[in-house]
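Before any comments, here is the structure.
Quantities reported herein were computed from a predicted structural model and do not represent experimental measurements.
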Amino acid sequence: MTDFLDLPDLACETAGGAAIACNDEFFAEKENLLRDHPAVWKDHAYTDRGKWMDGWETRRRRPPDAVGHASPGGDHDWCIVRLGMPGAIRGVVVDTAFFRGNYPASCALSAAEIDDALDLRALDAATWTEILPNSPLAGDTRNAFSIPALPGTAGDRRYTHVRLDIFPDGGVARLRVHGEVMPRWSRLAALGGPIDLAALEHGAVVESCSDMFFGSRNNLIKPGPSRSMADGWETRRRRGPGNDWAIVRLAAAGTIERLEIDTSHFKGNAPGRCTVEGAHVPGASRGARGGSDQLDGWRPLLASPLQPHTRHVFDGELRRIGPVTHLRLSVFPDGGVARLRAHGELAGDPVTGRTGPLPGLARLNALPPDAARAALRRCCGSTRWADAMAAARPFDGVPALLRIAERTWWALDEAAHREAFAAHPAIGARGDHARAPAGDAAWSAGEQGAAQAAGDPVLAELADANRAYLERHGFLFIVCATGRSAEAMLADLRARTPRALADELRTAAEEQLQITRLRLHKLLGELA
């Protein structure tokens, strides 16, 4: 089954994908695996290492005692790819184009979810799940493999990285990883403000279109600006009545605040005008393919002429039609559009579809005053901050909660800040000294987990440095410890100790605010 080929390529370089590590790339670089264009062949093109190939190619493996043919470790070669768009993987294509006598005999694919901005650092500790067992490959062929759901799962497991293993060695021209985008909605929603609900990287899909003779409908919502006329949606020249259209299923239901219709590079073939309509059909998904007549309830959002080679931005011109789940872009009579962006406010929880405040936030809003103050003081040890936050309820959403928390914190004086600092245990403390005077002991222990794993010599150095800092500044050294090693925090502690008191008060307040934001998310999770 190759139905997955219609899904976006999560790994393509134009979507942000990158080949970040491999054990060998002697003949051809790993970066070629993710090129957007098909592999090409160049007759008589050679480098100082051999025939130029448009792909990733490793050297021939030889026994360990061979002279001048040292093979990298292991019994096979591998390459790790960071997906440009994390998501559920439905199928892969291992393309061996032009590799005829030098392709691998077989391949396998594993995947992992790595939630670390420094993923190279996290590779050794990653948990890899085999999603494609060792499977034979044919040379000069687009080898397509469907990826079934793992036993015991719903088939929607999110991955951020894949590892391609080839046996034993050889060349692969391209790797395509097709699937459904799964963004981190908790992070996107927490930022507040409009979100591009029509963005491919957020999970939007161009469900159908009337025609895409010259350019794929999927280009409409790709990340980044279009690179050329070939990187947009373009229909053939219409010779009869009617017009062309495309239907976009938004990443989540929302109210559209701003539309961008970009005709960049379309200079002699842009549409003369367009309309955009919205529909709120929460249950409609891929079953709505085929045409605009399969969805009901379209409401006009915009009608406007279009100019060639222009990035059109519409905001005040938009009609207020409420939350929508789908957009229909109609162009008259035909032509090309490079990109469509639809920035809007979320209408509810993108994961569950529930409207109104998230469960954790709703419970925080409903707590009795004393219980609310106690819960909030777990996040920040300042009594005045907790009192002000409890009084500021109800919060409209997580962005509002975080925004008010930050504004309240910076409105407090030094005494309130020092009270919050005193609620933490010292970094690296053990036993009775590791107990949080206020705040939350369990959260403190989890945040300092990496520091607690350090050896006794490092912890002893931390204790000495903490004492020196306290004697100089009169308050504990405050740092957001989540995910940081004891050695890194010790270096920060030593660097910050000689600073002026005013600078350290500000730095400690900034670190406390970062801790508070993380703990507010933890609190909402516990209350949900």
Passing option when D9 is tested against N218, L83, D36, V177 for side chain to side chain contact (heavy atoms under 4.5 Å, CB included):
V177

Is there a side-chain contact between W185 and I195 in this structure, where contact means two heavy atoms from C-beta onward sitting under 4.5 Å apart?
yes

Between R90 and D3, is there a side-chain N and carboxylate O pair less than 4.0 Å apart?
no

Looking only at heavy atoms, the pair that brings P308 and T263 closest together is C-OG1, 3.6 Å

Find out whether M229 and F214 are in side-chain contact, i.e. whether some heavy atom of one side chain is under 4.5 Å from a heavy atom of the other.
no

Check for me whether K30 meets the cation-pi criterion with W56, that is, NZ or CZ under 6.0 Å from the six-membered ring centre and within 45 degrees of the ring axis.
no

Have a look at R217 and tell me which of D6, D211, D244 forms a salt bridge (Lys or Arg N to Asp or Glu O under 4.0 Å) with it.
D6

Heavy-atom side-chain contact between L250 and T325 under 4.5 Å:
no

I'd like to know if E13 pairs up with K222 as an ion pair, taking the criterion as any Lys NZ or Arg NE/NH1/NH2 lying under 4.0 Å from an Asp or Glu carboxylate oxygen.
no

Would you call E207-R328 a salt bridge at under 4.0 Å N-O?
no

Which atoms form the tightest heavy-atom contact between S264 and D262, and what is the distance?
OG-OD1, 2.6 Å

State the CG-CG distance between L340 and L329, to the nearest 0.5 angstrom.
6.0 Å

Show the nearest heavy-atom pair for residues S135 and F145, with the distance to one decimal.
CB-CE2, 3.7 Å

Determine whether E113 and T127 make a side-chain contact, defined as any pair of heavy atoms from C-beta on separated by less than 4.5 Å.
no

Closest non-hydrogen atom pair, P148 against S146
CD-O, 3.4 Å

Parallel, tilted or perpendicular: ring planes of F4 versus H178, cut at 30 and 60 degrees:
tilted

N/O donor-acceptor pair under 3.5 Å between D165 side chain and W78 backbone
no

Do side-chain atoms of E317 reach the backbone of D315 as a donor and acceptor pair under 3.5 angstrom?
yes

Taking all heavy atoms of H44 and all of K51, pick out the closest pair and write down the distance.
N-CE, 4.5 Å

Side-chain heavy atoms of L175 within contact of D95, under 4.5 Å:
no

Return yes when atom CZ of R100 has more than 12 non-hydrogen atoms of other residues, nucleotides or ligands closer than 6.0 Å, and no otherwise.
yes

Evaluate side-chain contact (heavy atoms from CB on, under 4.5 Å) for H265 paired with E234, printing each intermediate quantity in order.
CA-CA 11 Å; H265 309 297; E234 185 182 2; over 6 Å; no

Consider only side-chain N and O atoms of N134 and S106, and report whether a donor and an acceptor are under 3.5 Å apart.
yes

Between the side chains of D296 and W298, is a donor N or O closer than 3.5 angstrom to an acceptor N or O?
no

What verdict does the side chain to side chain donor-acceptor pair (under 3.5 Å) test give for W245 and N243, after you've listed the backbone C-alpha separation in whole Å, the side-chain angles of each residue and the deciding distance to 0.1 Å?
CA-CA 7 Å; W245 50 265; N243 65 280; over 6 Å; no

I need the single residue from R341, H312, R339 that forms a side chain to side chain contact (heavy atoms under 4.5 Å, CB included) with E260. Which is it?
R341

So do R59 and D24 actually touch side chain to side chain, heavy atoms under 4.5 Å?
yes

Within the structure provided, determine whether F314 and V276 are in side-chain contact (heavy-atom separation under 4.5 Å).
no

Quick one, N143 and V93 - any side-chain contact, counting heavy atoms below 4.5 Å?
no

In D54, N32, T96, the residue satisfying side chain to side chain donor-acceptor pair (under 3.5 Å) with R174 is D54

Salt bridge or not between R237 and D334? Use side-chain N to carboxylate O under 4.0 Å.
no

Over all heavy atoms of both residues, which pair between R61 and H76 is shortest? Give the atoms and the distance, please.
NH2-O, 2.9 Å

Around atom CZ of R158, are there more than 12 heavy atoms of other residues, nucleotides or ligands at under 6.0 Å?
yes

